[in-house]
Colleague: 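Sharing a structure below in structure tokens format, with a few things to ask.
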Amino acid sequence: MSPHRLISQDSYDKVFLVGASSHAKENGYLIATDDQDPQKAFHECKHESPIMATDDHLVEFSEAMRTVAKALRRAAEAKAAAQAEAAEWKRRYEFERASNLQYRHEGLPSDGGIPNSRDGITVDTDNSCDEITVDNPSTEQSERCCRKHGICSHEILQDEATDSSSILTGRKVARKASFRLSWGCNGEKSGQQKHEVVSFERGDITTAERSSKQILLKWETQPQTVLILTKPNSNSVRVLCAEMVRWLKNNKKIDIFVEPRVKTELLREASFFEFVQSWEYDEEIKHLHSKVDLVVTLGGDGTVLWAASLFKGPVPPLVPFSLGSLGFMTPFQSENYRDCLDMILKGPFSITLRHRLQCHVIREAAKDELDTEEPILVLNEVTIDRGISSYLTFLECYCDSSFVTCVQGDGLILSTTSGSTAYSLAAGGSMVHPQVPGILFTPICPHSLSFRPLIFPEYVTLRVQVPFNSRGHAWASFDGKGRKQLAPGDALICSMATWPVPTACQVDSTNDFLRSIHEGLHWNLRKTQSFDGPRDS
Ligand SMILES: NC(=O)c1ccc[n+]([C@@H]2O[C@H](COP(=O)([O-])OP(=O)(O)OC[C@H]3O[C@@H](n4cnc5c(N)ncnc54)[C@H](O)[C@@H]3O)[C@@H](O)[C@H]2O)c1
Ligand SMILES: Nc1ncnc2c1ncn2[C@@H]1O[C@H](COP(=O)(O)OP(=O)(O)OP(=O)(O)O)[C@@H](O)[C@H]1O
């Protein structure tokens, strides 16, 4: 049957639905076939004897429309679920392929997960451990397998038939039922591929390892190349950059990379800077991670975000100097740059592995699974908001295959824990230590009395869909940049990225975080209550 259009029009404040021999009729409604002009068809019909419609027709019509809308929504959901699954499998495949390649070329990194800086730092997004203890004969095999599957195995304690202390004391102890807790590998359903991650002894559950510890970076070979990234249009930054380049070359024999704009600025200043390297085409940025040992940023948090955005894969360790106003992620003071760089170049130093989110926009109009846009990595957050539209955003949200909620308000923020102190904080989200692996789900001005922000574990895939019955379009922006319009039917899929941003700490992850929230945000600042006054006797 050829496609057709429904005709309806208010006439003298009444709706007339016309039965006409020259027009196809379906469910009592007049249908204009595609080869007819609907306007013309309507006028033709108007001149035929009209039959006054009853309210029943309207009810029937709206029910039919509702059924159609429901069916469309179901189809879109099924499609988006399939796309989400495909994206997730693609991500896992790429991760596994990258790790396999790494083993083949270099063997296992000797420091328990931190390969040398030339390859950047990869983190096991499911559960990263910096030490592994496996007391069983297949240690090597198990370790390799765990790394391959992104899950670390832990010491598995034998379930002993008799309690050694009871043998000593001669007491008889009732034997508790034994059990084993395990995590699946890459969604494997069969028990064969499962790894024990929680040890048990006499029925008491204990975790031998927790996912994140303070990580130290220790150079095994001397760093030789530094990339300096600077905030544009700042005189103080320009002056410091020139001074730092000179110092690094003369005192540390370091090779320097800068952005083309900065190279031009340096050359304008003196021909001494001829040795500084840069790039001509954006394509070359893809290979930067394999050329530089360290990235130095001179600016504020925006410059750290900018630096992270240049690396779509592995990121070399980043040393952020503060030349902005807030500097939440920039713990190093520019006045002390010599001492700081001395300390960093010598090592070891603490790093914070700042997790990133990988975002995929999936268009309703995409022809197939492969027809997706390039993924975008964010260090702070991806925001889906109403942009210039004056309507409420209407967003359907799913976590893996479970429905989470519909957001009706100004929008939604999916944030990393590093981003928890940025836009998400302003929208009422909790502040989370950057080393906690999780995804924050924070609504922006929800028009509901009971919408509290959520924090999801790091292994989930979130999907935010603009439903077909949304009144307006939505807009996605990535770390506050690069807006993309999302039409009804489009979806954004978001999961934890494989490549974190390793940032050098002044002291350590926790100390730096607490100092930032105290000094940067004046967290919980209150005058201390005086001692004199009523008190418990
Ligand atoms: N209402 C808001 O608070 C709001 C609105 C839009 C964007 N933002 C944030 O701005 C970020 C982009 O930063 P920009 O510098 O390019 O834009 P910008 O110049 O507009 O600066 C935004 C402010 O956010 C601060 N900031 C950025 N990342 C932070 C973090 N992780 N923790 C604490 N503070 C942080 C910056 O220091 C700066 O003061 C976005 O990722 C978003 O988080 C916040
Ligand atoms: N190398 C760069 N090239 C292009 N844009 C950059 C670069 N570095 C920073 N930016 C952009 O410049 C803007 C301001 O940078 P940044 O936030 O570092 O400085 P600031 O605003 O002075 O600091 P603060 O955010 O602490 O007040 C940001 O939006 C950032 O994305």
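Both counts, for ligands and for their atoms, begin at 1 and track the order of listing. Worth knowing before you read on, the calculation uses all heavy atoms, side chains too, and leaves out hydrogens, waters and symmetry mates.
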Colleague: Tell me, which residues have any heavy atom less than 4.0 Å from some atom of ligand 1?
Modeller: D301, G302, L305, L326, F328, M329, N380, E381, S418, T421, A422, Y423, A426, D479, G480, K481

Colleague: So, taking the atom named SG in C406 and the one named CG in L395, what distance separates them when rounded to the nearest 0.5 Å?
Modeller: 8.5 Å

Colleague: Could you list the residues that satisfy side-chain contact (heavy atoms from CB on, under 4.5 Å) with Y391, not counting sequence neighbours?
Modeller: S389, R471

Colleague: Are there any protein N or O atoms under 3.5 Å from the N or O atoms of ligand 2? List them with distances, or say none.
Modeller:
unit_1, atom_1, unit_2, atom_2, d
ligand 2, 1 (N), T230, O, 2.9
ligand 2, 1 (N), E259, OE1, 2.8
ligand 2, 1 (N), R261, NH2, 3.4
ligand 2, 1 (N), W306, NE1, 3.1
ligand 2, 3 (N), W306, NE1, 3.4
ligand 2, 17 (O), G302, N, 3.0
ligand 2, 18 (O), G300, N, 2.6
ligand 2, 18 (O), G300, O, 3.4
ligand 2, 18 (O), T303, N, 3.0
ligand 2, 18 (O), T303, OG1, 2.6
ligand 2, 22 (O), K231, NZ, 2.7
ligand 2, 26 (O), S325, N, 3.1
ligand 2, 26 (O), L326, N, 3.1
ligand 2, 27 (O), S325, N, 3.4
ligand 2, 27 (O), S325, OG, 2.3
ligand 2, 29 (O), K481, NZ, 2.9
ligand 2, 31 (O), K481, NZ, 3.2

Colleague: Would you say T503's side chain and L318's backbone share a donor-acceptor pair under 3.5 angstrom?
Modeller: no

Colleague: Counting the benzene-type ring for Trp, do F332 and Y337 have ring centres under 6.0 Å apart?
Modeller: no

Colleague: So, using side-chain contact (heavy atoms from CB on, under 4.5 Å) as the criterion, who are the partners of P446 when residues are at least two apart?
Modeller: P443, F451

Colleague: Counting the benzene-type ring for Trp, do H289 and F311 have ring centres under 6.0 Å apart?
Modeller: no

Colleague: Is it true that D479 and R356 have a side-chain N and a carboxylate O under 4.0 angstrom from each other?
Modeller: no

Colleague: Any salt bridge linking R338 with E243? Criterion: basic side-chain nitrogen under 4.0 Å from a carboxylate oxygen.
Modeller: yes

Colleague: Salt-bridge test for K484 and D490: reply yes if a basic N is under 4.0 Å from a carboxylate O, no otherwise.
Modeller: no

